[in-house]
Amino acid sequence: MAKKLYIKTYGCQMNVYDSARMADVLAPLGYGTAETPADADMVILNTCHIREKASEKVFSELGRLRRTRAERREAGADMIIAVAGCVAQAEGAEILRRAPEVDIVLGPQTYHRLPEMVARATRARSLKDGKKRRGAGVLDTDFPPESKFDHLPAPAPDQAVSAFLAIQEGCDKFCTFCVVPYTRGAEFSRPVTQIVDEARALVAAGAREITLLGQNVNAYHGEAPNGGEWDLGRLVRHLADAVDGLLRIRYTTSHPRDMDDDLIAAHAGVPQLMPFLHLPVQSGSDRVLEAMNRQHEARRYYEIIERLRAARPDLALSSDFIVGFPGESEADFAATLKLVEEIGFAQAFSFKYSIRPGTPGAAMENQVPEDVKDERLQRLQAVLNAQQVAFNRAMVGRVLPVLLEKPGRHEGQLVGRSPYLQAVHAPADQSEIGTVVDLRIEDIGHFSLSGSRVPSEHKPNRSNRETLQEAVA
Ligand code: 5AD
Ligand code: SF4
């Protein structure tokens, strides 16, 4: 009998990837996709713990699910409720205690065991009324010796044009604000052959762009096909050569410390590697960087960017920033603003520091008052937004290669992505999905650009690379 699964995903792209893999793992049990929780025989909340109020959001969502399940039960159906991801890892049994409606709590490293957990959860329901016996919830937040990656089925055949592929997981950096080393565990790199196989399967299923994922992806050091280890630069070059039909490669998220020569060289030498890099710096102040345990000074970030831009002059940058880390003074914050002004970002994410229980930052005494954080965040975001708008504006009149991904807002229109991940709408036919076309950017809207086709005989003589180089400059 066909069953339906609804997964609600919070947080990062790794969670998006994990959600897709959980769906793959459950497909052989007969689970197809539900459009809403009300239609679902099983609901998974794939949670994020990185910033504020994560667990509160999960508990209020669970409250809603309890009501939805009661309605389904009245109609003679039922629902299994699972909490996955980093809140599950961090809170564990506390979730089963506070929210008895939850059947399964599983961490990010155990989802290959989901079929077994579903079976156990189903058995745990009492025969009498279909309700779970108290304390019968299934909890699996181990860091098991076997890798979940060795147990994952092939990706579903209806693959999107742009796909994620996790190549690395966990983190050994222990930035003092961050929960990732605790929730995702120690740094782990998948072997090269496993990654190549998955990349080929994704391309065979329709993907044309692959974003290599990892919490600290450029720390990648996976087992090479003939022994030894490869770093990320080598892996990227190999994927570009070995996977036919793969048009674009990206990777995220990186740490400045792991930006090595080989990877910088890949930016110069691999045309499939897109000229857009998310490289979080967090702060421009050496004092704060030190307190954050980022293990580098601001100067080092400037140097890396300089070398990357020398390797790939049309490279555009993205970053993450935290304001109001404990001890951050007005002068420290000014150093962050200066870094933003000097480097220039095409886009960025910025956050107020939020205390994560169990991390060293939580115990620091010189916490910054909330109103100061608010005010600094506003000032930083004003600068970052202005840079983003200027970057997008500079695209108008230029020709960008756009990978067409899916139908756009209107009939006869498709939407795709520029090298810089900007969404671009353009007149195109359905049959062109998955191809890269040259588009002259006509207009910028709130969330996307729009472009017109450049007839091949009128293509500019200058390469896109030269044209784009000016836009980023
Ligand atoms: N408070 C605020 N922002 C945080 N980030 C991670 N932990 C915290 C925290 N405790 C931000 C960092 C990181 C991004 C994914 O989330 O900027 O790069
Ligand atoms: Fe967290 Fe730092 Fe590791 Fe990034 S590098 S996941 S911020 S500990």
Side-chain angles (χ1 to χ4, degrees), residues 9-18 47-56 85-87 89-90 108-109 166-189 211 213-221 232 251-260 277-285 288-296 300-301 304 317-328 333 336 339-340 345 347-364 367-370 372-374 376-377 380-381 384:
T9 307
Y10 302 79
C12 65
Q13 285 155 331
M14 185 66 93
N15 267 12
V16 177
Y17 176 87
D18 285 346
T47 61
C48 170
H49 197 46
I50 199 97
R51 284 177 301 270
E52 255 155 323
K53 295 175 202 131
S55 36
E56 288 320 305
C86 291
V87 173
Q89 188 66 43
Q109 305 309 337
I167 65 165
Q168 180 279 343
E169 199 175 358
C171 184
D172 294 341
K173 289 278 186 300
F174 290 93
C175 299
T176 52
F177 51 82
C178 185
V179 287
V180 165
Y182 311 96
T183 59
R184 291 275 170 169
E187 214 256 283
F188 167 81
S189 294
T211 303
L213 292 181
Q215 265 86 33
N216 186 183
V217 75
N218 61 341
Y220 179 82
H221 57 103
L232 182 58
Y251 61 90
T252 199
T253 288
S254 295
H255 192 292
R257 277 280 306 236
D258 297 312
M259 213 64 221
D260 62 19
L277 177 63
H278 181 64
L279 189 61
V281 64
Q282 315 295 358
S283 168
S285 151
V288 174
L289 288 170
E290 164 129 44
M292 287 176 166
N293 188 32
R294 292 291 289 179
Q295 305 169 37
H296 72 85
R300 159 105 190 211
Y301 192 81
I304 292 166
L317 292 161
S318 160
S319 195
D320 291 341
F321 296 91
I322 296 178
V323 301
F325 187 76
E328 185 188 70
F333 178 64
T336 299
L339 182 141
V340 172
F345 293 93
Q347 78 107 51
F349 303 98
S350 47
F351 315 99
K352 287 189 283 182
Y353 171 65
S354 101
I355 288 182
R356 304 286 80 199
T359 60
M364 291 182 185
Q367 300 288 332
V368 173
E370 208 54 31
V372 176
K373 288 190 209 170
D374 280 327
R376 286 183 189 160
L377 187 66
L380 176 60
Q381 290 187 337
L384 290 169

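Since we're looking at a predicted model, the values are computed, not measured. Ligands are counted one by one from 1 in listed order, and the atoms in each one are counted from 1 as well.
At the shortest separation from atom 13 (C) of ligand 1 among protein heavy atoms lies Asp320 OD2, 3.5 Å. Ranking the protein heavy atoms by distance from atom 12 (C) of ligand 1 puts Gln282 OE1, 3.4 Å first. What sits closest to atom 2 (C) of ligand 1 on the protein, heavy atoms only, is Lys352 O, 3.3 Å. Of the protein's non-hydrogen atoms, Ile50 CG1, 3.4 Å is the one closest to atom 6 (C) of ligand 1. The protein atom (non-hydrogen) at minimum distance from atom 1 (N) of ligand 1 is Ser354 N, 2.9 Å. Nearest protein neighbour of atom 16 (O) of ligand 1, counting heavy atoms only, is Arg51 NH1, 2.6 Å. In this structure, atom 8 (S) of ligand 2 lies nearest to the protein heavy atom Cys175 N, 3.3 Å. When only non-hydrogen protein atoms are considered, atom 1 (Fe) of ligand 2 lies nearest to Cys178 SG, 2.3 Å.
At least one side-chain heavy atom of Ser350 sits under 4.5 Å from a side-chain heavy atom of Leu377. Leu213 has its side chain within reach of Thr252: a pair of non-hydrogen atoms, C-beta onward, lies under 4.5 Å apart. Looking at heavy atoms from C-beta onward, Cys48 lies out of side-chain contact with Thr9 at the 4.5 angstrom threshold. Proximity of Phe321 to Leu384: side-chain heavy atoms (C-beta onward) are separated by under 4.5 Å at one or more points. When side chains are defined from C-beta on, Ser254 does not count as touching His278, because their heavy atoms never get closer than 4.5 Å.
Close contacts of ligand 2 with His255, meaning ligand atoms under 4.0 Å from a residue heavy atom, involve 5 (S). Counting atoms of ligand 2 from 1 in the listed order, those under 4.0 Å from a heavy atom of Pro181 are 8 (S). Each of the following atoms of ligand 1 lies closer than 4.0 Å to a heavy atom of Tyr353: 1 (N), 2 (C), 10 (N). Ligand 2 places these atoms under 4.0 Å from at least one heavy atom of Phe174: 8 (S). Near Phe177, meaning under 4.0 Å from any of its heavy atoms, are these atoms of ligand 2: 7 (S).
Residue-level proximity to ligand 1 for Phe351 is carried by the side chain, the only part with a heavy atom below 4.0 angstrom.
Between atom 4 (Fe) of ligand 2 and the options Gln215, Lys173, Glu187, the minimum heavy-atom separation is to Gln215. Among Thr183, Asn293, Val180, the residue whose heavy atom lies closest to atom 6 (S) of ligand 2 is Val180.
In terms of polar-atom proximity, Phe177 is counted as a contact of ligand 1, with an N or O under 3.5 Å from an N or O of the ligand.
Heavy-atom separations between Arg294 and ligand 2 include at least one value shorter than 4.0 Å.
The heavy-atom pair separating Ile50 from Val179 by the smallest distance is CA-CG2, 4.1 Å. For Pro181 against Cys171, the heavy-atom pair with the smallest separation is CB-O, 3.5 Å.
Shown are Gln168, Lys173, Arg257; of these, the side-chain hydrogen bond (donor to acceptor under 3.5 Å, both in side chains) with Asn216 is made only by Lys173.
In summary, Lys373 and Glu328 do not engage in a salt bridge, as defined by a charged side-chain N under 4.0 Å from a carboxylate O.
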Hey, mind stepping through Gln109 and Glu169 against side-chain hydrogen bond (donor to acceptor under 3.5 Å, both in side chains) and telling me if it holds?
CA-CA 10 Å; Gln109 305 309 337; Glu169 199 175 358; 3.1 Å; yes
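In this structure, Tyr353 and Phe325 have perpendicular ring planes: the angle between them is above 60°, well past the 30° mark.
Taking backbone and side chain together, Cys171 holds no N, O or S atom under 2.8 Å from atom 2 (Fe) of ligand 2.
Although no hydrogens or angles enter the test, the distance criterion places a donor-acceptor pair under 3.5 Å between the side chain of Thr176 and the main chain of Ala291.
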